[in-house]
Amino acid sequence: MPIQTSIRTRTQQAIDLEERHGAHNYHPLPVVLDSGKGVFVWDVEGKRYYDFLSAYSAVNQGHCHPRLVKVMQEQAARMTLTSRAFYNSVLGEYARTVCTRFGYDRMLPMNTGAEAVETAIKMARKWGYEKKGIPAGKARVIVCEGNFHGRTITIVSMSTDPDSQGGFGPFTPGFEVIPYDDIPALERALEDPNVCAFLVEPIQGEKGVYVPAGDYIPRAIAACKARNVLFIADEIQTGIARTGRWLCSVPDSERDPARRPDVVVLAKALSGGMYPVSAVLANDAVMNVFTPGTHGSTYGGNPMGARLAIEALAIVEDEDLCGNAERLGQQFRSAMQQLVDTFPWVKLVRGRGLLNALVIEPRTAADGSPRTAWELCLLLRDNGLLAKPTHGDIIRFAPPLVITEAQLQECVNIISTSVRQFA
Ligand SMILES: *Cc1c(COP(=O)(O)O)cnc(C)c1O
């Protein structure tokens with residue numbers, strides 16, 4: 001079949017090129033994507049898939065949202081980069097938009113998530129010395145086992161994942177690792193007067209969508225406030241409506257600063273997948289430790305990213321993506337629960353909003369071939385749905401938040417069929 005052959009060749013060619021010339025720091029699912037629209041992506045063969053990864057929750061607004069494409073084209077033709085040596089005509093409006101939306105005095109713009117996490121750590125340390133009176137060089141940041149905050153040397157210094165950390169020392173000192181979802185452990189760690197901050201994900205996404213107890217985050221915030229320690233929420237994956245509200249760490253209605261994170265870190269869906277945009281949010285008393293020359297980024301706050309972020313946030317509001325994530329998330333989990341109740345090797349479903357995970361028990365088929373999360377993801381791919389396994393036994397399901405109820409039902413059918421075929 002000549003057509004079939006040439007199709008295969010296109011997929012294989014793209015994979016071969018990447019494998020031959022690209023660094024092998026990823027292990028992608030074998031599918032070569034070429035275009036996207038809303039909840040759908042198409043591969044180079046023209047086959048359509050539901051995207052259930054959403055670029056790790058960066059495309060909450062869906063692929064190539066027409067409003068984002070429009071402002072990106074307009075801004076690209078107008079001006080893309082000024083550096084912060086000068087003011088630009090968009091950054092101020094963007095800063096006001098994001099501060100008003102999330103309820104903070106100030107925003108510091110960066111590009112990638114890891115940069116924003118680094119920024120938050122620098123800010124917390126400086127605050128610790130200048131405002132809390134921690135002796136020079138002694139500031140400590142508490143983090144959690146199983147954390148994922150990015151890939152820089154400082155960030156992998158606090159990782160507990162051997163693949164992330166192994167071989168990259170010497171490490172940045174000044175971190176203390178405690179168990180996640182463990183308030184007594186946090187309270188013990190907070191007794192150290194040199195602690196300046198507690199950095200935590202409201203849900204551990206990379207760990208496998210590990211959802212802590214419902215009162216963990218509010219109690220952790222209260223414990224930090226009581227000890228004059230900054231609570232830093234890394235909402236890079238959970239923020240921007242993914243879990244059914246604007247921020248996972250605090251209800252949208254909560255405006256009391258005593259019950260809110262001191263610092264919020266955002267990225268990914270802040271620009272709807274168009275361009276790297278990240279931000280650190282804090283009130284004056286914390287953010288004002290930065291003065292001219294103490295921190296910066298050439299691209300941070302550029303008019304292209306700023307314009308996109310304003311529009312990306314407006315889309316979340318206008319299309320009620322929080323409400324959609326909350327409502328469809330509940331439907332999704334109850335559909336997955338039926339699989340858990342039916343198949344003994346489907347262990348559990350967990351998540352919030354449209355950030356969910358199915359945990360399976362890896363098995364061996366009758367013919368000796370493995371049946372891990374990876375093989376199930378290959379089967380899902382063949383059936384028209386893309387998801388990525390994390391560890392051997394967890395599949396994360398995080399579609400764009402613009403998904404409709406009918407589309408979600410179709411996806412539930414694909415997943416159910418695949419699970420049945422996976423016997
Ligand atoms: C993706 C992510 C990061 C790192 O962001 P990059 O843009 O990949 O540097 C940090 N924290 C969390 C929770 C993330 O999901």
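FYI, the numbering just counts along the sequence from 1. In each ligand, atom 1 is the first atom listed, and ligand 1 is the first ligand listed.
Annotation for F148: atom CZ counts as buried by contact number, over 12 foreign heavy atoms lying within 6.0 Å. In the displayed structure, E18 atom CD is contacted under 6.0 Å by at most 12 heavy atoms of other residues, nucleotides or ligands. For K138, the NZ atom counts as loosely surrounded, since its 6.0 Å shell holds 12 or fewer non-hydrogen atoms of other residues, nucleotides or ligands.
In this pair, F52 and F332 present their aromatic rings tilted. The plane angle is within the 30 to 60° band.
Using a 4.0 Å cut-off between heavy atoms, E115 makes no contact with ligand 1 at all.
Side-chain contact of Q409 with E405: a donor-acceptor pair under 3.5 Å is absent, judged by distance alone.
For atom 11 (N) of ligand 1, the closest heavy atom belonging to the protein is D234 OD2, 2.7 Å. Protein heavy atom in closest approach to atom 2 (C) of ligand 1: K268 NZ, 2.5 Å. Closest to atom 4 (C) of ligand 1 among all protein heavy atoms lies A114 N, 3.7 Å. Here the protein heavy atom with the shortest distance to atom 10 (C) of ligand 1 is H149 O, 3.1 Å.
Less than 4.0 angstrom separates some heavy atom of E201 from each of these atoms of ligand 1: 13 (C).
Residues R381 and L29 are in side-chain contact: their nearest non-hydrogen atoms beyond the backbone lie under 4.5 Å apart.
Remark: side-chain polar atoms of K126 are not paired, donor with acceptor, to backbone N or O of V286 under 3.5 angstrom.
Checked against a 3.5 angstrom limit, the closest N/O atoms of I236 and ligand 1 fall outside it. Between G113 and ligand 1, at least one N/O pair is under 3.5 Å apart.
For the ligand labelled ligand 1, residue F148 lies inside the 4.0 Å heavy-atom shell.
Distance check for atom 8 (O) of ligand 1: every protein heavy atom is found at 4.0 Å or beyond.
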